[in-house]
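Here is how names work: the chains are called A, B, and so on, in the same order as the sequence lines, proteins then strands, and each is numbered from 1.
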Amino acid sequence: MKSLDELAKIRENRREALKIREGIPSATEKAHVMMCGGAGCISSKCTDVVDAMKESLSKNGIADQVQIILTGCMGPCDMGPVAIVYPDATFYRRLKPKDAEAIVEEHIMKGNMVQRLLYRSPGAKEPTPKVDDIDLFAKQKKIVLRNNFYIDPTSIEDYIANNGYAALGKALVEMKPEGIIEEVKKSGLRGRGGAGFSSGMKWGFTANAKGTPKYVVCNGDEGDPGAFMDRSVLEGDPHSVIEGMAICGRAIGAEQGYIYVRAEYPLAIERLDYAIKKAREYGLLGNDIFGAGFNFDIEIRIGAGAFVCGEETALLKSIEGKRGEPRPRPPFPANAGVWGKPTVLNNVETWANIPEIILKGADWYAAIGTEKSKGTKIFALAGRINNTGIVEVPMGTTLREIVFEIGGGIPRKKQFKAVQTGGPSGGCIPAEHLDTPIDYESLGEIGSMMGSGGMIVMDEDTCMVDIAKFFLDFVVDESCGKCSPCRIGTKRMYEIIDRISNGEGREGDIELLIELANTIESTALCGLGQTAPNPVLSTIRYFRNEYEEHIKDKKCACNVCEFKE
Amino acid sequence: MAECACNCGEDELTKQLDKIIDPYRGQPGGLIQVLTKSQELIGYLPKWVQVRIAEGLGVSLQEVYGVVTFYAFFSLIPRGRHKLSVCAGTACYVKGMKTLIKSLRDVIGVKPGQTTPDSRFTLEIVRCIGACGLAPAMIVDGKDVHGRIEPEQIPEILEQYA
Ligand SMILES: Cc1cc2nc3c(=O)[nH]c(=O)nc-3n(C[C@H](O)[C@H](O)[C@H](O)COP(=O)(O)O)c2cc1C
Ligand code: SF4
Ligand code: FES
Ligand code: FES
């Protein structure tokens, strides 16, 4: 790619070819079927539906007039397999292979939507056929997932058609490195990996740090168990991450990037690998990109199943092929990152925001969200909730809106008890705080944290002592063992909570847990240990009565804990 | 010395292993990639493989062993033909993962971390496979995702994996 004109030409051509996905019927093609190929829909056998559809298309002799595209997760995983049929933008759900024929012969060939496969909002008599009218999506705002219903993740030209790589072009041809950093600072973008540090400041520190070469790293370790936002971005729109990283490369003066992805995500790795190859082929990675004398390339590094490797200093070690043990900070990666060199490390979702910020401007971005938390956040909704899946909402949306409006509330008329955010570092938020707007500060104030975006809903049948025990078990398992407060302290906490859940809890155990928690928080070396007590502390704070019931009455009101006789 | 899963004989296996090592010769930074691919090839990481990798990349055997034991993904012992990885992430836990493990144990008779005597299945626990919306979930052989598993369905699911 040597010029903005060249990019524009590809964009115009491709847009023409994809008009059908904007609702404009085509003379040569009957339909584009966007079939969700996320992990949820794959487990509900979407590929069998694709096979059946192909068969039916061939049987009817129109295989060459219909494209079937496997996309990343579309969001409403519990309704899977889901698909959108263009040009009508009809949303179909719960597809079975036997439904493929009806879609082909009724909808695609005759123009009659297949009524029984359409979405109906709870209580509504009439279905909602068009994807844009569906209530689930209406409250969402898609910036990171901007390409979600539109592109084929394996097509770089699809990405370009929706303004892909235009931000990189703008950054290279029209902006100065300092200007790029200034724009990111002004946008108010904060890290989506959990801590919420200003991305622009981080870039600024790294740009000013002494030492060359510099590096750009993407954290795709996604360790929070119960979260798959980053995965859906990597699988559904890998170029958005590549483009974001390349823009940063220009801003800080780096020529090499690394994307660290966990081995549990083979499809994400495959898609990224392919996207990187394509980007090289189109001259969007490699030498002299856009003729601006800027070189940048990216390598993938695969994580091998250690939660602590999501922590930045551990991740950097792991990239070097070593044991992923954290080290004390400072020095921060901005000064001493990969191979000891200045490095910017950001989360997948953070990276995917960058192209939109550069293209549409900091002011546009900063107008979305709250005073201190700008833009949108993706959440993975799961647990005891009606609509499970992925949602992207503006910062400042309340927990209640997410759980009850977008998420459709609790199944089987059960009572809501708590929502857990922040994974093993976060906490359980009770009903009294459901009107809390989602932003970094508010979630911290109520004893949880934003975290990476996992949101697990619990109902009256979930025992909070058992949940706290679950998270402690997790951190005991994942502690790297380098420092003793975490290695030994979390183990002691686990033993105490284990005996409480066995009906062998003692008077004073709750106080003991709190004391241990405070010590671990203030003395552990890395974030894993420092935040490990949070699930326990937040459940004690809001559900102390459940602990007391277990200890004093030897009773688990939810009938989850098994007491020793 | 190890037996090769594809019956191609040890020498062939060594040759294939060298092919994995070659691009990273003398580059300690490639250790995790080489180990990942080698385990894909052989199924686990016996000592002779670790020795060969250590020599190839120019790191000590101790370092290789240190890395292999640090990461949950690597195994020092042979595993079954099929790997049943049950998700123990938060969403699956809240939706009955304990019952799923128990039922699996009842059917195949081994605990997580163990392999059946006939080498057909290895049962293991993983943290979130990204199918949280369809909890409880299990992934077989790292690729087939099964979601919303009811205990009654287990025999039927396992039947597909001989
Ligand atoms: C134990 C632990 C696990 C972490 N896991 C992740 C992770 O899986 N993904 C991630 O992006 N950040 C994770 N982080 C946060 C990173 O250390 C780092 O702050 C982040 O990747 C920086 O990117 P951001 O500024 O874009 O958020 C983890 C931190 C700790 C302490
Ligand atoms: S706090 Fe835990 S995970 Fe972090 S360095 Fe210490 S032992 Fe390792
Ligand atoms: S995987 Fe298909 S909607 Fe999430
Ligand atoms: S928690 Fe089980 S798939 Fe995510």
Give a yes or no on this: more than 12 heavy atoms of other residues, nucleotides or ligands lie within 6.0 Å of atom [atom1] of [X].
X	atom1	answer
B:Y161	OH	yes
A:E562	CD	no
B:K111	NZ	no

Could you please spell out the steps behind the side chain to side chain contact (heavy atoms under 4.5 Å, CB included) verdict for A:F471 and B:T90?
-> CA-CA 8 Å; A:F471 280 114; B:T90 322; 3.5 Å; yes
Residue part contacting chain B, namely of [X], when any heavy atom lies under 4.5 Å:
X	value
A:L267	neither
A:I319	backbone
A:R323	both
A:Q420	neither
A:S232	neither
A:C73	neither

Determine yes or no for a side-chain-to-main-chain donor-acceptor pair under 3.5 angstrom, with A:S43 supplying the side chain and B:V145 the backbone.
->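 Absent.
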For chain B, which candidate among [options] shows the most heavy-atom pairs at distances under 4.5 Å?
options	result
A:C480, A:A263, A:G389, A:A380	A:A263
A:C41, A:A304, A:G305, A:P76	A:A304
A:R384, A:E264, A:E478, A:E325	A:R384
A:K45, A:E222, A:R262	A:R262
A:G38, A:G383, A:G481, A:P424	A:G383
A:A306, A:G324, A:G303, A:A227	A:G324

Salt-bridge present (B:K98, A:D466; N to O < 4.0 Å) =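 A salt bridge is present here (some side-chain N lies under 4.0 Å from a carboxylate O).
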Ion pair A:D477/B:R127, N-O distance below 4.0 Å =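 Salt bridge flag = yes for B:R127 with A:D477.
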What pair of heavy atoms forms the shortest contact from [X] to [Y], and how long is it?
X	Y	answer
A:A39	B:G130	CB-O, 3.5 Å
A:P266	B:G142	CG-O, 3.8 Å
B:C128	A:P225	CB-CA, 3.7 Å

Pick from B:C132, B:A91, B:A131, B:C87 with the largest number of heavy-atom pairs that fall under 4.5 Å of chain A |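 Counting heavy-atom pairs under 4.5 Å, the top option is B:C132.
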Most chain A-contacting option - heavy-atom pairs closer than 4.5 Å, from B:T36, B:L57, B:L134 = B:L134
Toward chain A: residues of [range] with heavy atoms under 4.5 Å:
range	answer
residues 68-86 of chain B	B:T69, B:F70, B:Y71, B:A72, B:F73, B:F74
residues 149-160 of chain B	none
residues 24-34 of chain B	B:P28, B:G29, B:L31, B:I32, B:Q33

Proximal to chain B - members of residues 452-461 of chain A, heavy-atom separation under 4.5 Å | A:I456, A:V457, A:M458
Yes or no on side chain to side chain contact (heavy atoms under 4.5 Å, CB included) for A:I467 and B:V94, after CA distance, side-chain angles and deciding distance?
-> CA-CA 8 Å; A:I467 288 298; B:V94 173; 3.9 Å; yes
Please round to the nearest 0.5 Å and tell me the distance separating atom CZ of B:R148 and atom OG1 of A:T388.
-> 6.5 Å
Measuring heavy-atom distances to chain A, does B:V67 have an atom under 4.5 Å in its side chain, in its backbone, in both, or in neither?
-> both
